[in-house]
Each structure stands twice: as structure tokens, then as C-alpha cells.
Amino acid sequence: MSRARYPWVAYCPSWPEEFERLALPLGGLGGTALAIDHIGSTSVPGLPAKDCIDVQVRLQQGELGPSVEAALGGIGFRRRPEPWNQEETSAGHLCRKLVFAPPAGFRRCNVHIRETGRPNTRFALLFRDYLRADATARDAWGTFKQRLARITPDLASYGRTKAPATDILLIAAERWAGEVGWRPTA
């Protein structure tokens with residue numbers, strides 16, 4: 001059995017600045033980008049992560065289509081073809097999305113294009129904000145993901161195994177959101 005090929009590193013304080021540099025070219029999506037968010041593990045101070053920055057670009061509902069692919073392709077981003085990069089289930093709802101890889105020579109990243117107001121868009125922001133607010137949950141999540149990376153043979157297995165644990169963490173995140181009155185940022 002081969003081991004996962006995605007090394008984990010300690011939190012890097014330069015990740016927010018690197019996100020800002022990645023977000024600059026994405027802001028030119030013809031005015032369709034409502035927001036560009038730093039999401040995923042690299043957006044949570046203190047959380048170990050794969051050294052790959054996740055970016056979420058929020059679009060109006062109905063704008064997720066060929067024009068977005070053309071705009072990103074025009075600046076060198078490549079659409080990822082895997083089925084899990086086309087749609088995802090969040091809060092029991094099937095949600096469309098597109099995921100793009102960076103141009104050659106760019107910093108390693110995944111650009112997630114999602115429609116604003118959809119459960120998957122909210123989930124990415126809630127997950128980030130909860131782990132930023134709760135150090136115990138953040139540390140436990142980091143330990144879990146590092147251990148899981150060591151025992152899974154590939155990224156697909158890692159994702160399938162992580163999904164049920166993510167659902168459990170989301171229950172705690174939703175409880176936290178209710179207690180503090182959390183709402184997604186505009």
C-alpha cells in the first residue's frame with residue numbers, strides 16, 4: 001500500500017498573504033465575483049494543513065457556467081475534471097461547483113467556484129470560522145487529519161474517510177453558530 005502523497009506542514013503565517021496574491025487575478029471575473037474567500041485548513045491560524053491554499057469565489061446563483069470557465073481559462077487556470085469537483089452534497093442538498101487548478105508556476109491552490117446562498121458556500125465559511133473560534137476543535141481536527149493522511153493510500157480514500165468526521169464536526173459548528181449568532185460574511 002502506498003502512502004498519501006500530500007505532506008502536512010505546521011501553520012504558516014504567510015498563508016493569508018499568499019491567499020491575497022492568489023485572489024488578485026480572480027477579482028477580474030468580469031464583476032461576477034461577489035466575494036473571494038480564503039477557506040480550508042490554510043485559512044485557520046494554528047491548524048496544520050497540506051500546503052495548498054483553498055480559495056472560494058462566490059457567484060450569483062445561475063452564473064456557474066461556461067463563461068466562468070472561459071474567464072478562468074483566460075488567466076491560465078485549468079478546470080479539474082474529477083466528479084467530486086463538479087458537485088457536492090452539503091446539508092443534504094446537492095450543490096453545483098467548479099474547481100480550478102492554478103496555471104503552471106503559480107502557487108499550489110484549489111479555486112472553488114460556488115453560488116452564493118447555497119449550503120456548500122455557507123459550509124466552507126462556517127467550518128473556517130468555527131475552527132478559528134474554537135482552539136480545542138481546531139487542534140483535534142488537525143490531529144485527526146494528520147493521522148488520517150498517514151494511514152490512507154491516496155487522496156480519494158482520504159476524502160471518503162474524512163467525510164463522516166466532517167459531518168460530525170459540522171454539528172458542533174452549527175451549534176456554535178446558533179450560540180454566537182454567526183452568519184456568513186457578505
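Quick caveat, the model's predicted, so the values are computed rather than measured.
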Which heavy atom of [X] sits nearest a heavy atom of [Y], and at what distance?
X	Y	result
Pro13	Pro16	O-CD, 3.3 Å
Asn110	Cys52	ND2-SG, 3.5 Å
Ile36	Phe19	O-CZ, 3.6 Å
Pro48	Gly142	CD-CA, 4.2 Å
Arg128	Ser43	CG-OG, 3.1 Å
Phe77	Cys109	CE2-SG, 4.2 Å

Q.
If you count every heavy atom of other residues, nucleotides or ligands that lies below 6.0 Å from Arg107 atom CZ, does the total exceed 12?
A.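 Yes, because the 6.0 Å sphere around CZ of Arg107 holds more than 12 heavy atoms from other groups.
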Q) So does Glu17 have more than 12 non-hydrogen atoms from other groups sitting under 6.0 Å from CD? A)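 Open: at most 12 neighbouring heavy atoms sit under 6.0 Å from CD of Glu17.
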Is the shortest side-chain N to carboxylate O distance from [X] to [Y] below 4.0 Å?
X	Y	result
Arg96	Glu87	no
Arg58	Asp37	yes
Arg122	Glu174	yes
Arg175	Glu179	no

Is there a path from [X] to [Y] through hydrophobic residues (I, L, V, M, F, W, Y) whose side chains come within less than 4.5 Å of each other?
X	Y	answer
Trp182	Leu131	yes
Leu47	Phe123	yes
Val99	Leu155	no

Nearest 0.5 Å, please: how far is [atom2] in [Y] from [atom1] in [X]?
X	Y	atom1	atom2	value
Arg21	Ile53	CZ	CD1	8.0 Å
Phe106	Leu22	CZ	CG	7.0 Å
Leu98	Leu64	CG	CG	4.0 Å
Trp176	Asp129	CH2	CG	5.5 Å
Lys145	Lys50	NZ	NZ	5.0 Å
Thr32	Leu59	OG1	CG	5.0 Å

Q. Between Thr121 and Arg118, is a side chain to side chain donor-acceptor pair (under 3.5 Å) present by the stated rule, with each step listed?
A. CA-CA 5 Å; Thr121 304; Arg118 300 290 296 153; over 6 Å; no
Q. Using the benzene-type ring in the case of Trp, are the ring centres of Trp15 and Tyr11 under 6.0 Å apart?
A. yes
Q) Using the benzene-type ring in the case of Trp, are the ring centres of Tyr130 and Trp141 under 6.0 Å apart? A)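 No, they do not, as the ring centres are separated by 6.0 Å or more.
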Q.
Walk me through whether Glu115 and Lys97 qualify under salt bridge (charged side-chain N to carboxylate O under 4.0 Å, His left out).
A. CA-CA 7 Å; Glu115 295 174 316; Lys97 71 172 184 174; over 6 Å; no
**Q.** Donor-acceptor under 3.5 Å (Thr152 side chain, Leu148 main chain)
**A.**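 Side chain of Thr152 to backbone of Leu148, a donor-acceptor pair under 3.5 Å: yes, one is there.
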Q.
So Arg114 and Ile39, do their side chains get closer than 4.5 Å, heavy atoms only?
A.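 Result yes, sub-4.5 Å side-chain heavy-atom pair found.
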Q.
Quick check: do Gln60 and Leu34 have side-chain heavy atoms less than 4.5 Å from each other?
A.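 Contact flag for Gln60/Leu34 side chains = yes.
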Q) Are side-chain N/O atoms of Arg79 and Gln86 paired as donor and acceptor at under 3.5 Å? A) yes
Q | Short side-chain donor-acceptor distance under 3.5 Å, Thr89 and His93 | A |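 Thr89 and His93 do not have a side-chain donor-acceptor pair below 3.5 Å.
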